[in-house]
Amino acid sequence: MLQRTFCIIKPDAVERQLVGKILADIQAAGLKVVAMKMIHMTKEQAQGFYAVHKERPFFESLTEYMASGPVVCAVLEAENAITRYRELMGATNPAQAAEGTLRKKYAVSLEANAVHGSDAPETAAFEMSYFFNALEMVG
Ligand code: IDP
Ligand code: MG
């Protein structure tokens, strides 16, 4: 099933000039970029994006971090894009991420873990529409 998923290259990775490397890995894995932009979120925008986590103890720190610098948002398209991109990202905690995954290669901590990816079709739909309108997605 041709599917779309939502990706963020997080502030720590943008700061360390890893955008090109991460996009190269994403494309090498067969995921096609169909929308992309760089933004610097406000704290409120980060809180809205991560609203699903608002009761979690790390919510305050996470949203502060996501608003701490620019990020690159993208929509990726492929067969089974959601699962494939989650596999490419690796485990949330880079200490547990498998060899070759984006988080193993590029993350610095559990919070500053380089990349975001949607975890299900419903979250992918919400996340894409949070940052992109239909005119901004090609194909
Ligand atoms: P995911 O990004 O792998 O889907 P989630 O559980 O959805 O992981 O958590 C969202 C983000 O919140 C993580 O990517 C990470 O940046 C941060 N995070 C998750 N758990 C913790 C924690 O225990 N401490 C600090 N930050 C966390
Ligand atoms: Mg998640």
Side-chain angles (χ1 to χ4, degrees):
M1 172 198 19
L2 193 60
Q3 193 176 55
R4 287 179 173 183
T5 190
F6 178 72
C7 154
I8 299 179
I9 303 176
K10 293 184 176 183
D12 64 288
V14 173
E15 166 72 21
R16 286 176 294 130
Q17 300 274 56
L18 293 170
V19 171
K21 283 189 171 144
I22 291 172
L23 286 173
D25 286 0
I26 285 170
Q27 293 183 314
L31 295 151
K32 182 178 169 187
V33 177
V34 296
M36 186 161 64
K37 66 176 140 195
M38 179 177 269
I39 58 164
H40 189 155
M41 274 184 259
T42 64
K43 179 90 174 277
E44 291 68 30
Q45 288 167 335
Q47 288 169 335
F49 174 67
Y50 272 129
V52 63
H53 290 315
K54 64 177 181 300
E55 307 303 335
R56 308 287 284 276
F58 56 82
F59 182 69
E60 172 63 24
S61 175
L62 172 62
T63 53
E64 192 74 36
Y65 154 66
M66 290 299 285
S68 69
V71 300
V72 172
C73 300
V75 176
L76 310 176
E77 184 177 84
E79 292 289 317
N80 299 313
I82 294 172
T83 302
R84 282 171 61 185
Y85 179 53
R86 291 290 304 191
E87 284 173 5
L88 179 66
M89 284 199 306
T92 306
N93 187 343
Q96 279 144 27
E99 279 308 320
T101 61
L102 297 176
R103 283 167 166 169
K104 177 73 176 185
K105 288 166 76 173
Y106 305 121
V108 291
S109 70
L110 172 54
E111 180 175 82
N113 60 1
V115 283
H116 167 84
S118 311
D119 60 6
E122 302 72 38
T123 48
F126 165 74
E127 293 171 0
M128 284 184 260
S129 68
Y130 194 80
F131 291 107
F132 294 98
N133 67 43
L135 286 174
E136 295 172 311
M137 291 189 254
V138 301

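Counting convention: from 1, in listed order, for ligands and their atoms alike.
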Inset, instruction - Counting heavy atoms only, name the option from L62, T123, T63 that's nearest to atom 11 (C) of ligand 1. - result: L62
Legend entry - Option with minimal heavy-atom separation from atom 4 (O) of ligand 1, where the choices are M89, R86, E111, H116: R86
Legend entry - Linked, directly or transitively: M36 and M38 (ILVMFWY side chains, under 4.5 Å):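 Linked within one cluster.
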Inset, instruction - Following the transitive rule for hydrophobic clusters with a side-chain heavy-atom cut-off under 4.5 Å over Ile, Leu, Val, Met, Phe, Trp and Tyr, establish whether V33 and F132 coincide in one cluster. - result: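 Different clusters: V33 never reaches F132 through Ile, Leu, Val, Met, Phe, Trp or Tyr contacts under 4.5 Å.
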Inset, instruction - Using a 4.0 Å heavy-atom cut-off, say whether L110 meets ligand 1 through its side chain, its backbone, both or neither. - result: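 For L110, backbone and side-chain atoms both sit under 4.0 Å from ligand 1.
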Legend entry - Where ligand 1 meets N113 - atom numbers and elements under 4.0 angstrom, heavy-atom basis: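 That gives atoms 13 (C), 14 (O), 15 (C), 16 (O) of ligand 1.
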Legend entry - N/O donor-acceptor pair under 3.5 Å between R86 side chain and G117 backbone: yes
Legend entry - N/O donor-acceptor pair under 3.5 Å between H40 side chain and A67 backbone: yes
Around [atom], find the nearest protein heavy atom and jot down its residue, atom name and distance.
atom	value
atom 7 (O) of ligand 1	H53 NE2, 2.8 Å
atom 19 (C) of ligand 1	F58 CZ, 3.5 Å
atom 1 (P) of ligand 1	T92 OG1, 3.6 Å

Legend entry - Charged N-O contact under 4.0 Å between K43 and E60: yes
Legend entry - Sequence-distant partners of E15, salt bridge (Lys or Arg N to Asp or Glu O under 4.0 Å), two or more places apart: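 Counting only residues at least two positions away or on another chain, E15 forms no salt bridge (Lys or Arg N to Asp or Glu O under 4.0 Å).
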Legend entry - Close approach, R103 and ligand 1, non-hydrogen under 4.0 angstrom: yes
